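Input: a single structure, listed below in structure tokens.
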There are 2 protein chains.
Amino acid sequence: MELRTLRYFVAVAEELHFGRAAARLHMSQPPLSRAIKQLETDVGAVLLHRSAAGVTLTPAGAALLDEARTLLDQADRVRARVAAAAGVATITVGILGDSADRGATRLAAAYRRRHPGVEVRIRDTDLTDPTCGLRAGLVDVALTRGPFDETGLTVHELRADPVGAVLRADDPLARRDRLKLADLADRRWFQFPDGTDRIWQSYWNGGEPREGPVVRAVQECLQAVLWNGTVGMTPLGHDPPEELAVVPLIDMAPSRVVAAWNEGDANPLIRSIVQIATAAYRD
Amino acid sequence: MELRTLRYFVAVAEELHFGRAAARLHMSQPPLSRAIKQLETDVGAVLLHRSAAGVTLTPAGAALLDEARTLLDQADRVRARVAAAAGVATITVGILGDSADRGATRLAAAYRRRHPGVEVRIRDTDLTDPTCGLRAGLVDVALTRGPFDETGLTVHELRADPVGAVLRADDPLARRDRLKLADLADRRWFQFPDGTDRIWQSYWNGGEPREGPVVRAVQECLQAVLWNGTVGMTPLGHDPPEELAVVPLIDMAPSRVVAAWNEGDANPLIRSIVQIATAAYRD
DNA sequence: TGGTGTCGATACCGTACGGGTATCGTCGCC
DNA sequence: GGCGACGATACCCGTACGGTATCGACACCA
């Protein structure tokens with residue numbers, strides 16, 4: 001008899017319908033049926049009458065429904081009490097400019113649900129430091145995009161996106177359905193400010209240092225393409241803005257969306273957010 | 001956060017020592033450490049300070065200890081309340097004469113712990129009916145020994161014992177360390193009463209019907225060997241009584257100790273007892 | 001009466017998690 | 001500085017949970 005099983009039972013007892021209960025629990029019907037049967041052998045009583053007419057509660061089932069509800073309520077309150085006893089917990093999350101995508105949105109929602117008492121500080125950073133200030137202690141955990149120098153950090157991959165070239169829509173290459181890096185060899189690129197992570201810089205400049213306008217944010221990259229006539233790279237998957245085209249680059253390694261934190265940082269809130277993020281990005 | 005995890009935490013918080021807590025929980029230390037760490041990321045707070053000096057509770061840990069104790073107490077009471085609502089549950093267990101071995105003893109203890117409110121009626125039966133009256137509805141579940149006619153029954157194996165020949169200690173064959181059935185071909189056997197299950201009869205008479213004294217119980221078999229000079233068969237593993245010897249029979253299929261119940265009987269108490277029996281006999 | 005649809009149960013499969021053993025890292029302590 | 005105690009880590013394995021496909025029972029309707 002575990003809390004999970006009791007949650008299952010409450011759902012079935014309230015819906016009086018295995019299929020609907022399974023939908024409510026975001027699972028399929030067979031494992032739910034099995035879990036309820038297991039619960040019945042565990043408590044040693046039939047909890048539900050199943051018949052073609054429908055599902056009804058037995059006296060034992062009615063009693064368990066009542067008991068389980070109060071038990072689950074109290075379990076929920078345990079979290080809040082522990083959080084209160086721990087004091088006001090704070091976690092600072094660094095988010096790289098372009099990472100506020102669907103995964104990050106869902107992560108925020110799921111995290112607030114799990115840790116309502118935790119004060120989350122978001123630090124939105126530009127492209128100068130892909131680690132969002134991890135090493136300087138400015139943030140506890142970074143939700144960012146690779147690749148970058150990982151020494152001293154623990155990095156957990158959330159997703160991997162193939163990348164494409166960003167071109168003006170009227171560029172001759174924009175009609176191609178795929179490109180190689182060599183196709184862009186004679187084009188102007190933008191460059192990153194001095195001090196930007198070397199690995200990051202080399203990846204997003206197509207493998208070599210470049211001359212060109214300096215950019216500090218994703219929006220600036222796109223503007224550079226539009227106004228300065230450069231080319232650039234961006235992860236696939238987002239619809240490009242008007243007047244720009246993104247063409248897959250087939251010889252570039254995918255760019256990883258990752259969670260990163262300082263090696264050895266024992267803060268459980270970090271582990272927790274990484275765990276939730278893994279689920280949120282899994283789709 | 002599951003009840004199991006909370007039980008683990010309470011053990012560690014009370015012992016303030018992972019190793020001792022693990023021993024108390026009948027598990028080893030590493031998975032316990034892992035479970036506690038997982039609980040910490042789950043609730044989002046450090047619960048224990050680990051240092052060489054020892055383990056101490058954080059404020060959050062102290063709060064959780066208190067909360068978890070009450071939650072676990074209530075969870076325990078849920079079982080009792082459900083049992084009460086289900087009314088006085090009764091289960092009749094048939095036990096074949098010789099099955100009151102260590103497994104059965106442990107089963108009884110474990111079952112009483114799990115279902116304190118259930119009235120268990122034991123029906124100890126002789127060898128005439130290896131199913132202990134299952135088909136007649138005299139018992140809900142039989143803890144017995146095979147082989148027997150299984151039509152209409154569901155049979156769950158608990159253990160398989162090799163069998164041996166029972167001989168008087170002064171029998172010339174008693175010195176052998178193993179025998180074949182053929183070695184006993186010219187000996188007198190006991191026989192079972194009319195109406196005894198055919199499969200059972202043929203197995204325990206060494207493959208063929210026999211002439212000889214009629215026996216109804218295990219003790220009578222042994223007496224028949226002593227007093228009537230017959231031979232017989234018995235499962236290995238028990239020390240034979242004084243003046244008798246048991247020699248392994250290498251060409252007999254092992255005899256299975258099983259739980260059996262009427263096919264389709266949905267009584268959860270049956271499922272439960274079978275489940276507990278499986279664990280109790282696993283050693 | 002036989003076809004059809006609904007719904008819970010069953011069968012089967014792949015993965016993930018909980019348990020195990022072996023070993024490491026760290027910190028007192030003699 | 002070597003040693004012992006103890007929690008953490010690494011790795012392996014079996015169970016159990018969740019998935020899909022299918023069955024069986026029953027009500028409803030033509």
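Since we're looking at a predicted model, the values are computed, not measured. Protein chains get the first letters and strands the later ones, always in sequence-line order, with residue 1 at the start of each.
- Residue-environment remark: CZ (A:Arg121) stays at or below the threshold of 12 foreign heavy atoms within 6.0 Å.
- Atom NE2 in A:His49 sits about 20 Å away from atom P in D:dA25, given to the nearest Å.
- Protein atom CD of B:Gln38 is 15 Å distant from nucleotide atom P of C:dA16, rounded to whole Å.
- If you check distances only, the side chain of B:Arg4 never reaches the base of C:dG18 with a donor-acceptor pair under 3.5 Å.
- Taking atom NE2 on A:His26 and atom P on D:dC17, their separation rounds to 20 Å, with Å as the unit.
- Phosphate proximity of C:dA9 to A:Ser33: present, with a side-chain N or O under 4.0 Å from OP1 or OP2.
- Under the 3.5 Å distance criterion, the side-chain polar atoms of B:Thr58 are matched with a main-chain donor or acceptor of B:Leu47.
- Note: CZ (A:Arg271) to C1' (D:dT9) measures 11 Å, nearest angstrom.
- For D:dG7, neither phosphate oxygen OP1 nor OP2 lies less than 4.0 angstrom from any side-chain nitrogen or oxygen of B:Lys37.
- Rounded to an integer number of Å, the gap from A:Gln29 CD to C:dT6 C1' is 11 Å.
- We find the CG-OG1 distance between B:Leu3 and A:Thr5 to be 8.5 Å, quoted to the nearest 0.5 Å.
- Annotation: the span from B:Leu6 atom CG to B:Leu64 atom CG amounts to 6.0 Å, rounded to 0.5 Å.
- Look at B:Arg50 and you'll find a side-chain N or O under 4.0 angstrom from OP1 or OP2 of D:dA8.
- Across the protein-nucleic acid pair, B:Leu48 atom CG and D:dG7 atom P stand 10 Å apart, rounded to whole Å.
- Considering only side-chain N and O atoms, A:Ser28 lies nowhere under 4.0 angstrom from the phosphate OP1 or OP2 of D:dG18.
- One atom, CZ of A:Arg34, and another, P of D:dA21, lie 16 Å apart when rounded to the nearest Å.
- One interatomic measurement links the two molecules: CZ of B:Phe18 to P of C:dG25, which rounds to 20 Å at whole-angstrom precision.
- By the 6.0 Å contact criterion, CZ on B:Arg198 is open, its count of non-hydrogen atoms from other residues, nucleotides or ligands being 12 or less.
- Of the candidates D:dT20, D:dT9, D:dG18, D:dT9 carries the atom nearest the B:Pro30 side chain, counting heavy atoms from C-beta on.
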